[in-house]
Structures are given as C-alpha cells and as structure tokens.
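Notes for the one structure printed next.
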Amino acid sequence: MPACIYGNKKIINTRDGSYTFYSMEYNESYKTKSVGAYTESLHKFVNGTNIIERAREKNIRLLDICFGIGLNLAVTFDEALKNGITNRIHALSVEKDASLISIVKNTHILMPVNGYKVVRSLLDNNYVDNFSMEIYIQDAVNFIYSLNHKFDVIYFDPFSKKHNSEMWSDDMFCKLYSLLETGGVLTTYASGKDIKESLVNAGFSISSLVSLGTRYQPATKAVKY
C-alpha cells in the first residue's frame, strides 16, 4: 500500500497482514513489524494475561497503559466477542497523544475489524453491551500515580525505556503492583534483565511468555500473589 502519513506518524503493514503506525517523534512503531501487530497484541497481552479466561469467571477491570492505536483493546474485545463473554470488561486507558484518537476513529483498515468497531463505539459512548471504557488524554506517569482503585489486569505498553524512561522506573512498578488485586496480572512486551529485576523488586512473580520465533522478543508476565 502507498505510505500514509498522519502528522508525525506513518502507517505500516506488518508481517501478519495487520497494520500499525510508526512514530517519527519516538522513532518506534506502536507494534512490531517483524511478527505482526495483531499477533503481538494477541500473544503478549490478551493471551499473556488470560483475560478471556478470567472474564468467564467475573467482571474484569483492565488498566491499559498506553492506548496507542487501541490495538490491545481491540483484540481483547474481539476475543471476548468470539468467546461469548457476557461478564463486563471495563477498560481504563491513558494516552498522551490526542491525535491517536482521531487516527483510530478514521483508519478503517485496522484489524481486527469487529474489535475496532467496539473501540470506536466506546470512544463515543463509553458503554457498548458488556464492554465499557474510560480514556484519559494526559501524561501517563502523573495519571497512574493518581490512581487508587484496584485492577485485575494491566497491559503495560508504553514506548521503550530508551525513549520513555520515566515509565520504566522502580517506583512505577511498585505503584502498578499496588494497583493490582491479589492474583492480578501485568504483561509487557519488554524482557530486559533490568526491567525484570524492577518487577521482582516491586513484589511481582515473573515469567517469560513463550516466544513465537527468533524474530520475536519474548514478553514478560508479572503476577501479584
């Protein structure tokens, strides 16, 4: 497809046929190109946290850091629809870049189609069937430190530590630990030794998610027991 540029972001096609965006401000893509944007969200966040299995048992409160192009949420809602989940999934999401909301609303080639239909409806209405979402357009660090209620699942998906170091501090992981219910889970695409050490020091029990191949950086799962 021809290159499409939206401000300081460029849409790119990824290995599994799904699309993501490349931020020219951060010099990073929102999802990996080498394996696929959809595949990364499904494996590292949705399957990695077992959120669908959890939602079979009870209503779920999900903290989504950061919204980006909304793919982690779109895949979550898509999988919930496929699996006939009737319990509520409530997502609380934060995103610094307001332009991404317009991009998500107006870029209709994003996959999965049904998941993105739910995301777009929630951006306008907050509630759709058993799905609900609150999204806050503000600095993620300050927002997270202001929270004081509990979550069952956390998707931790900011830009890398190299370009967004304030999101990867020991204090941040301690705060996220405090926000999880006992038995709750956080996953992140990152797997560096220093990040794993910070998670363990915060109190998490960590493990690596199975890699999808040599092209694929293994993700990290962190559980609060």
Side-chain angles (χ1 to χ4, degrees), residues 23 25-32 40-55 60-73 75-76 89-97 100 133-211 216-225:
S23 169
E25 177 183 359
Y26 284 91
N27 294 315
E28 287 186 26
S29 60
Y30 288 89
K31 291 295 176 186
T32 182
E40 181 177 34
S41 284
L42 179 64
H43 179 67
K44 293 186 177 181
F45 294 96
V46 178
N47 292 345
T49 59
N50 295 314
I51 191 171
I52 301 304
E53 289 73 14
R54 291 168 180 267
I60 296 295
R61 289 185 56 84
L62 165 63
L63 178 57
D64 177 51
I65 310 166
C66 301
F67 179 80
I69 61 166
L71 184 56
N72 293 335
L73 293 182
V75 177
T76 300
I89 297 177
H90 177 73
L92 182 66
S93 188
V94 61
E95 175 53 53
K96 182 179 178 180
D97 187 348
L100 288 165
M133 181 174 74
E134 302 170 66
I135 184 164
Y136 293 84
I137 307 300
Q138 62 185 82
D139 175 77
V141 174
N142 292 333
F143 176 76
I144 292 164
Y145 284 122
S146 75
L147 296 175
N148 55 22
H149 41 272
K150 299 288 188 179
F151 298 88
D152 303 290
V153 173
I154 298 176
Y155 293 166
F156 190 67
D157 198 18
F159 283 119
S160 70
K161 187 173 183 178
K162 177 181 178 181
H163 295 124
N164 201 11
S165 60
E166 66 274 15
M167 289 295 295
W168 301 88
S169 69
D170 290 349
D171 287 345
M172 173 61 71
F173 288 127
C174 287
K175 176 62 178 179
L176 294 176
Y177 184 85
S178 76
L179 293 175
L180 271 179
E181 297 279 8
T182 300
V185 60
L186 172 154
T187 59
T188 180
Y189 64 87
S191 59
K193 180 181 178 181
D194 56 337
I195 291 167
K196 289 181 175 180
E197 288 177 350
S198 291
L199 287 164
V200 170
N201 290 338
F204 288 102
S205 175
I206 67 166
S207 59
S208 294
L209 297 175
V210 176
S211 176
Y216 198 81
Q217 179 188 21
T220 302
K221 178 178 181 178
V223 180
K224 179 178 180 178
Y225 288 115

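Remember, predicted model here, so these are calculated numbers, not experimental data. Only heavy atoms go into these numbers, but all of them, side chains included; no hydrogens, no water, no symmetry mates.
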Backbone of A190 reached by a side-chain donor or acceptor of T220 within 3.5 Å |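 Yes, T220 side chain to A190 backbone: donor-acceptor pair under 3.5 Å.
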
Check the pair L42 / E40 against side-chain contact (heavy atoms from CB on, under 4.5 Å), numbers first and verdict last.
-> CA-CA 5 Å; L42 179 64; E40 181 177 34; over 6 Å; no

Calculate, to the nearest 0.5 Å, the distance between atoms [atom1] and [atom2] belonging to [X] and [Y] respectively.
X    : Y    : atom1 : atom2 : answer
R61  : F151 : CZ    : CZ    : 5.0 Å
T188 : W168 : OG1   : CH2   : 3.5 Å
I69  : D97  : CD1   : CG    : 12.5 Å
K221 : N47  : NZ    : CG    : 10.5 Å
L62  : R54  : CG    : CZ    : 11.0 Å
I154 : L63  : CD1   : CG    : 5.0 Å

Take Y30 and L100, measure what side-chain contact (heavy atoms from CB on, under 4.5 Å) needs, and give me the verdict at the end.
-> CA-CA 11 Å; Y30 288 89; L100 288 165; 3.8 Å; yes

Who pairs with [X] by side chain to side chain contact (heavy atoms under 4.5 Å, CB included), at least two apart in sequence or on another chain?
X    : value
D171 : Y145, S169
E134 : H90, L92, Y136
S208 : K196

Taking C-beta and beyond as the side chain, do [X] and [Y] meet within less than 4.5 Å on heavy atoms?
X    : Y    : answer
F204 : Y225 : no
I65  : M167 : yes
I52  : V46  : yes

Give the minimum heavy-atom separation between [X] and [Y], together with the two atoms involved.
X    : Y    : value
L71  : S41  : CG-OG, 3.3 Å
P218 : L209 : CB-O, 3.8 Å
K96  : I137 : O-CG2, 3.9 Å

Side-chain donor-acceptor distances from residues 172-185 under 3.5 Å, at least two apart:
{"residue": "K175", "atom": "NZ", "partner": "L147", "partner atom": "O", "Å": "2.7"}
{"residue": "S178", "atom": "OG", "partner": "K175", "partner atom": "O", "Å": "2.6"}

Ring centroid separation F156 to Y189 under 6.0 Å |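 No, they do not, as the ring centres are separated by 6.0 Å or more.
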
Tell me, which pairs form a side-chain hydrogen bond (donor to acceptor under 3.5 Å, both in side chains) where one or both residues lie in residues 150-160, sequence neighbours left out?
->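 Found E28-S160, K31-D157, K58-D152, N72-D157, T76-Y155.
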
Results of salt bridge (Lys or Arg N to Asp or Glu O under 4.0 Å) for K161 - residues two or more places apart only =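 Testing K161 for salt bridge (Lys or Arg N to Asp or Glu O under 4.0 Å), a comparison that skips the adjacent residues, returns D194.
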
